[in-house]
Amino acid sequence: MSIIVSAIGQGLLWGILGIGLFLTFRVLDFPDMTVEGSFPLGAVVSVAAITHGVSPLLSLVLAFGAGMLAGLATGLLYTKGKVPVLLAGILVMTALYSINQHILGRANLSLLNQPNLFKNKFLASLPPYFDSIFVGVGAIIIIAILLMWFLQTNLGQAFIATGDNEIMAQSLGVHTDAMKNMGLMVANGLVGLSGALIAQNNGYADVNQGIGVIVIGLAAIIIGEVVFGELTLNQRLVATALGSILYRFVLLIVLGLGFGDEDLKLISAVVLAVMLMVPTVESRFRLKRALRKGIESQPAKETDSHE
């Protein structure tokens, strides 16, 4: 039971990463590799701030702001420097590795004997692992409500239009470069927040925490889409968080089959690849079934015509 509760809690915390990636990957329609640098950036900023006497809550705000700056750097390289978005993200991600080491002063830093959000009296009084569920649910609800409200505003509609059809959006007077920068900032701010929460939950930060996190975020998005099917944009935000939880359950099942922790990256890649292929396989199956029905009904129609 405790393993299941832990998986749900971890899924919710990682779900924030998925929602951030959803904004760039699905809404703006481009891949953002910055997340592999902004995720550990949020973690190291939060942990370093706490060790210097900053409150855990304030450290989350700092982590969100640091993530936004990382997203802005990628956005400026992309919109002003005309660097391809994939390469811009890789450049910022690479630079952040060194920056993260400078912030920590070492490769990793523990929160041992330091306060953190999950050592709060109320959260500490909860049953084991329920603290991460409480924090995760609260964070997801707040983020989802704010994003749903934002996407209904004129600015939010301009943001969506930029991802749907940039040329059309420009013809309507939308400053698409500004929308892209804003999207990258908000998305990476959420990624940094996720990194900070997970670092506080784990009790440490490591500069290598970002390796492979883009696969985890994409898995949450794709699993949510495959499992829950056609949804509105607002519903897909929630589906992404639920997809993150389902992804954690998939990992639990796989680990239960005898695989080790060293196989998690491989498993994550395989799970994502399978989920990405599901819609294609399903569409082909439907097409074949439709063709079969058409072929089977053809003789009957010919017989009727002879009669």
Audit row: Asn100, Leu104, side chain to side chain contact (heavy atoms under 4.5 Å, CB included) steps and yes/no:
CA-CA 6 Å; Asn100 290 338; Leu104 281 187; over 6 Å; no

Going through the distances and angles, do Ile216 and Arg248 end up as a side chain to side chain contact (heavy atoms under 4.5 Å, CB included)?
CA-CA 10 Å; Ile216 297 173; Arg248 288 287 143 184; 4.0 Å; yes

Apply side chain to side chain contact (heavy atoms under 4.5 Å, CB included) to residues Met179 and Leu155 and explain how you reach the verdict.
CA-CA 9 Å; Met179 293 298 102; Leu155 184 62; 3.4 Å; yes

Test side chain to side chain contact (heavy atoms under 4.5 Å, CB included) applied to Ile140 and Ile16, step by step
CA-CA 7 Å; Ile140 292 291; Ile16 301 172; 3.8 Å; yes

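Taking hydrophobic clusters as Ile, Leu, Val, Met, Phe, Trp and Tyr residues chained together by side-chain heavy-atom distances below 4.5 Å, Leu12 shares a cluster with Val227. Hydrophobic clustering places Ile3 together with Leu126 (ILVMFWY residues linked when any side-chain heavy atoms are closer than 4.5 Å, directly or through intermediates). By the rule that hydrophobic residues join a cluster once side-chain heavy atoms approach within less than 4.5 Å of another member, Phe150 and Ile141 end up as members of one cluster. Under a hydrophobic-cluster definition in which Ile, Leu, Val, Met, Phe, Trp and Tyr are linked whenever side-chain heavy atoms come within less than 4.5 Å, directly or via other members, Phe228 and Leu272 are assigned to the same cluster. The hydrophobic clustering, which links ILVMFWY residues whose side-chain heavy atoms are closer than 4.5 Å, places Leu252 and Phe130 together.
Between Gln114 and Thr51, the side chains place no donor N or O within less than 3.5 Å of an acceptor N or O (distance only, hydrogens not considered).
The minimum heavy-atom distance linking Thr24 with Ala187 is given by the pair CG2-CB, 3.7 Å. Across every non-hydrogen atom of Asp32 and Ile214, the tightest pair is O-CD1, 3.8 Å. Lys119 approaches Leu111 most closely through the heavy-atom pair NZ-O, 3.9 Å. Here the closest heavy-atom approach between residue Ala43 and residue Gly195 is recorded as CB-O, 3.5 Å. Residue Leu41 comes nearest to Ala66 through the heavy atom pair CD2-O, 3.3 Å, listed as atom of the first residue, atom of the second, then distance. Nearest heavy atoms, Phe159 versus Leu23: CZ-O, 4.0 Å.
Using a distance-only test at 3.5 Å, with no hydrogens or angles considered, a donor-acceptor pair links the side chain of Thr240 to the main chain of Arg236. Using a distance-only test at 3.5 Å, with no hydrogens or angles considered, a donor-acceptor pair links the side chain of Ser194 to the main chain of Leu13. Side chain of Glu36 to main chain of Met33: no donor-acceptor pair is present (N/O by atom type, distance under 3.5 Å, no hydrogens or angles).
The one candidate from Ile19, Thr232, Ile143, Ile145 that meets the side-chain contact (heavy atoms from CB on, under 4.5 Å) condition with Leu237 is Ile19.
Side-chain contact between Leu190 and Leu147: present, with at least one pair of heavy atoms (C-beta onward) separated by less than 4.5 Å. Annotation: side chain of Ile4 is in contact with side chain of Phe249 (closest heavy-atom distance under 4.5 Å). Side-chain contact check for Tyr247 versus Trp14: every heavy-atom pair is 4.5 Å or farther apart. Counting heavy atoms from C-beta outward, Pro40 and Val207 have side chains that stay 4.5 Å or more apart. Between Leu76 and Leu72 the shortest side-chain heavy-atom distance falls below 4.5 Å. Between Gln10 and Asn201, some side-chain heavy-atom pair lies under the 4.5 Å cut-off. Tyr78 is not listed as a side-chain neighbour of Asp177, based on a closest heavy-atom distance of 4.5 Å or more. Between Gln200 and Ser59, some side-chain heavy-atom pair lies under the 4.5 Å cut-off.
Separation of atoms CG (Asn116) and OG (Ser55) is listed at 12.0 Å; rounding is to 0.5 Å. Separating the CE atom in Met168 from the OG1 atom in Thr176 is a distance of 11.5 Å, to the nearest 0.5 Å. The structure places CG of Leu184 at 6.5 Å from OG1 of Thr74, a figure rounded to the nearest 0.5 Å.
Residue-environment remark: CZ (Phe134) stays at or below the threshold of 12 foreign heavy atoms within 6.0 Å. With a 6.0 Å radius and a threshold of 12 heavy atoms from other residues, nucleotides or ligands, Phe30 has its CZ atom above the threshold. For Ile167, the CD1 atom counts as loosely surrounded, since its 6.0 Å shell holds 12 or fewer non-hydrogen atoms of other residues, nucleotides or ligands.
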